[in-house]
2 protein chains.
Amino acid sequence: MADSRPGPLGIVAGSGALPRRLIESCRAAGREVFVLALKGEAEPATVDGVPHAWCRIGAAARGFDLLRANAVTELVLAGAVHRPSLSSLRPDWRAAKFFAQVGYRALGDDGLLSAVVKELEREGFRVVGVDDFLEADALLPAGPLGRFLPDARATADIEHGLRLARAIGALDIGQAVVVQQGLVLGVEAIEGTDGLLRRCAGLRRDGPGGVLVKTAKPGQERRVDRPTIGVHTVILAAEAGLRGIAAEAGATLVLDRAEVIRAADDAGLFVVGVTAP
Amino acid sequence: MADSRPGPLGIVAGSGALPRRLIESCRAAGREVFVLALKGEAEPATVDGVPHAWCRIGAAARGFDLLRANAVTELVLAGAVHRPSLSSLRPDWRAAKFFAQVGYRALGDDGLLSAVVKELEREGFRVVGVDDFLEADALLPAGPLGRFLPDARATADIEHGLRLARAIGALDIGQAVVVQQGLVLGVEAIEGTDGLLRRCAGLRRDGPGGVLVKTAKPGQERRVDRPTIGVHTVILAAEAGLRGIAAEAGATLVLDRAEVIRAADDAGLFVVGVTAP
């Protein structure tokens, strides 16, 4: 009789705090993991003391071999990946075959991620969402997280921002916008939300500060690329002179919820889960 | 019998090289001008040796008085205006009345400019486009300006960028995007094209460089806010590692065409007028 216990959870780890958080959640739940750490993306601390191997993004054949050699059948993609140009990717034969099939340049981030998920499933892996393995409260609920609430002016900026963020997402450009008093201070593209917040610090106008609005892209492959906020997001938002953060309820991952609330309350920022119209 | 000669052309001057260029074109054509220089926007050199007065953006009543006192009936809005928040605008009674009518915060840039033009016409001024007073070749023609042409890959980036720039414009966010090998490196919002190009320098990927694509917003009030490129744009594009600039033919102003061509040829960049799909 075959052993029905699942092997270790395979974690393909990019950058940021999410992969480590996921590893800790799995450990707390007694689930073994094997981490395929992406070179140039995952941080060394992420895989500290954890079964792992490092792999280039372009080395797909080696990646598949490593996952299979470690008895992985169930797979999570976690963390951010700084999407490389095709020329810097140096694809091996397996990656080149995939890119030739999907047309690397023709795809936006979202299209590419969906294609990657399909390809992993074709290789026999079951791809699951990171939130299946995090605490139950990892997803942002509707309503405020901390003590502060948006006033009428901030609410108007949130509504305007939501409409724009959805449109930007539908174009597969990014997930986030910053709006202040009706003015669009910035739109997220490849620089990511941290980069967006940093540059908005220099673009703010006098008067009540702006709002960061972040949503899932319509049709986004949620198993691999959920919008995420963490303590870092709150700190950068405060430094940019913003009054708060609004993100899509039920779709956004909140890393270290208690710390996010503490940071927001300390800085006088609201963090609110909103529902896209 | 009334004097049928028009008074001086009124030039409401914002920042950048365009207002001065316009003044020089008028002088060459023998047309007198009176410049209303916007404080914090227009550069002192713009009004050097030219009949002018300085005026805050929020001081609409004073602005109207100055224009009438100088016999202005025909008016051009030229140069960029760093749109302020309502709180830093300190509107006088006349500006406050206008903003109360149009709802300052509810309007994007384009909506606001259209409303400003309507208000100026209601006050009895004839608002004309800056290109009526510039050299005949001030508008970008279709096709290449200099020696270099986009190759197939750059052409694909231009097409992708055009689609996105039109969409961004329809949302009244901005006029420009930077695309490299299908990746959207950046989207212009309130920071303007120069700011976009500066930050894209740090976002470029290996391999063939990206393309700046700039279009008029659909429904844009072309009398007051045409997309503009100049030598400065070419230099910043080169510094950002781009391969070229594509802008909407027949809608984009080219400042100092001969110098733009020389700068582009020297830097190995293409500058091409394209037609939006």
Side-chain angles (χ1 to χ4, degrees), chain A residues 82-90 103-109 111-112 152-154 156-157 159-161 163-168 170-174 176-192 195-196 198-210 241, chain B residues 82-90 99 102-109 111-112 152-153 156-157 159-161 163-168 170-174 176-192 195-196 198-200 202-210 241:
Chain A
H82 184 251
R83 183 172 167 173
S85 68
L86 191 49
S87 20
S88 64
L89 198 59
R90 294 186 294 121
Y104 186 72
R105 273 185 299 275
L107 293 176
D109 277 353
L112 185 65
R153 188 172 292 180
D157 280 346
E159 281 166 13
H160 188 41
R163 196 175 63 85
L164 296 177
R166 298 292 279 184
I168 295 299
L171 295 164
D172 205 1
I173 291 174
V177 297
V178 173
V179 179
Q180 182 189 10
Q181 299 175 49
L183 306 182
V184 185
L185 297 193
V187 170
E188 178 198 55
I190 210 162
E191 78 280 19
L196 169 68
R198 281 196 193 95
R199 80 169 186 269
C200 283
L203 297 169
R204 68 170 299 198
R205 299 299 188 254
D206 291 343
Chain B
H82 184 249
R83 183 172 168 173
S85 68
L86 191 49
S87 18
S88 63
L89 198 59
R90 294 186 292 123
F99 291 136
V102 302
Y104 186 71
R105 272 186 299 276
L107 293 176
D109 277 353
L112 185 65
R153 187 171 292 180
D157 281 346
E159 281 165 13
H160 188 42
R163 197 175 62 85
L164 296 178
R166 297 294 278 186
I168 295 300
L171 295 164
D172 205 1
I173 291 173
V177 298
V178 173
V179 179
Q180 182 189 12
Q181 300 174 48
L183 306 182
V184 185
L185 297 193
V187 170
E188 178 198 54
I190 210 161
E191 78 280 20
L196 169 69
R198 282 196 193 93
R199 78 169 188 270
C200 283
L203 297 169
R204 68 170 298 199
R205 301 297 189 254
D206 291 343

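Computed from a predicted structure; not experimentally measured. Order of the sequence lines sets the chain letters (A, B, ...), proteins ahead of strands, with each chain counted from 1.
- Interface check for chain B: of the options Ile168(A), Leu203(A), Val178(A), Val177(A), the most heavy-atom pairs under 4.5 Å are formed by Leu203(A).
- Between Val184(A) and Leu171(B), every side-chain heavy-atom pair lies at or beyond the 4.5 Å cut-off.
- Of the inter-residue distances, the one linking Glu191(B) atom CD with Arg199(A) atom CZ reads 5.0 Å to the nearest 0.5 angstrom.
- Contacts of Arg204(A) classified as side chain to side chain donor-acceptor pair (under 3.5 Å), with partners at least two apart in sequence or in another chain: none.
- Put simply, the side chain of Gln180(A) does not reach to within 4.5 Å of the side chain of Ile190(B), judged on heavy atoms.
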